[in-house]
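Counting from 1, the numbers follow the sequence of the chain as shown. Just so it is clear, the structure is predicted and the values come from calculations on it, not from any experiment. Computed from heavy atoms alone, side chains included, the values below leave out hydrogens, waters and symmetry copies.
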Amino acid sequence: MASNHVTKAIEQFFFKGGATRALFRWLDFRLFVSQKNNKLIPSSENRSHSATEYLQAWQQQMSLTTPATGILRLLAVIAVLIGFTAMAGVLNVSQPSFINIWVPLALFAFLPLLLTLSSFYFSFLSPAKHNLHHHPLLHWLINKLNLQQFIPYKNLLLPWLLWQLQSAAILFSTSALLAFLFWRHFRTICLAGHPP
């Protein structure tokens with residue numbers, strides 16, 4: 001019963017503050033343990049300490065890593081702007097003018113498919129699982145987010161990075177859909193106000 005209580009306390013310590021904070025708290029702890037820096041409690045205290053007390057002491061004495069979220073926010077804003085403006089540009093073309101159908105097709109069909117296939121290839125088939133230099137985009141993202149120290153734990157780090165890229169793709173598609181719905185509604189109102 002006591003071991004179950006300790007296990008729950010340890011889980012609550014690591015898995016709090018959202019998935020990203022939990023992941024980097026765990027990665028920081030793994031890096032700390034791998035460097036064998038295990039003297040956290042002052043040696044003058046002779047009493048035995050519980051696992052949760054050691055974890056609390058570790059958190060107080062160590063500075064936890066937080067990824068450079070400004071880069072991720074910028075990536076999200078760029079994805080939203082591109083999705084919205086691309087869809088608005090396609091729908092705002094006047095009837096007599098011509099439009100190259102390959103441009104919107106590439107943006108709204110091929111680009112999400114390309115991102116999905118890229119994630120699938122990297123996750124299951126690519127040699128980049130063993131060497132990040134085979135995937136320059138993820139390598140660039142790791143450097144920009146200041147996460148180089150976690151490369152030894154790439155089995156945990158890389159799925160998080162891929163999720164950041166997929167989140168940008170989701171924002172792109174969602175903003176394009178919102179632009180489509182907005183322009184459709186706007187044109188319906190305009191046509192209702194100016195009947196032929």
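- Scanning both residues, A79 and A168, for their nearest heavy atoms gives CB-O, 3.3 Å.
- In terms of heavy atoms, L72 sits closest to Q164 at CD1-OE1, 3.8 Å.
- Remark: L178 CG to M87 CE distance equals 10.0 Å, nearest 0.5 Å.
- Two different hydrophobic clusters hold F180 and L81 under the rule that ILVMFWY side chains link at heavy-atom gaps under 4.5 Å.
- Among V80, V77, L75, the one residue that satisfies the side chain to side chain contact (heavy atoms under 4.5 Å, CB included) test with L171 is V80.
- No side-chain heavy atom of L27 sits less than 4.5 Å from a side-chain heavy atom of L147.
- A search for ring pair (Phe, Tyr, Trp, His ring centres under 6.0 Å) contacts involving F150 returns F24, not counting sequence neighbours.
- Taking 4.5 Å as the limit, every side-chain heavy atom of F172 sits out of range of all side-chain heavy atoms of I78.
- The two residues K144 and I71 make their nearest non-hydrogen contact at O-CG1, 4.1 Å.
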Atom pairs and distances, donor-acceptor, side-chain atoms in residues 103-111, under 3.5 Å, two or more places apart:
none

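- A distance of 8.0 Å separates CG in L145 from CH2 in W140, rounded to the nearest 0.5 Å.
- In this structure, CD1 in I82 is found 9.0 Å from OG in S175, a value given to the nearest 0.5 Å.
- Two residues are said to be in side-chain contact when any heavy atoms from C-beta on lie closer than 4.5 Å; L156 and R30 meet this criterion.
- Partners of S173 according to the side-chain contact (heavy atoms from CB on, under 4.5 Å) rule, which considers only residues two or more places apart in sequence or in another chain, are P112.
- Between the CG atom of L161 and the CD1 atom of I142 there is a distance of 5.0 Å, given to the nearest 0.5 Å.
- By the side chain to side chain donor-acceptor pair (under 3.5 Å) test, Q166 pairs with S119, sequence neighbours left out.
- Here I170 is tied into one hydrophobic group with W163, each link being a pair of ILVMFWY side chains closer than 4.5 Å.
- For T85, there are no side chain to side chain donor-acceptor pair (under 3.5 Å) partners, not counting sequence neighbours.
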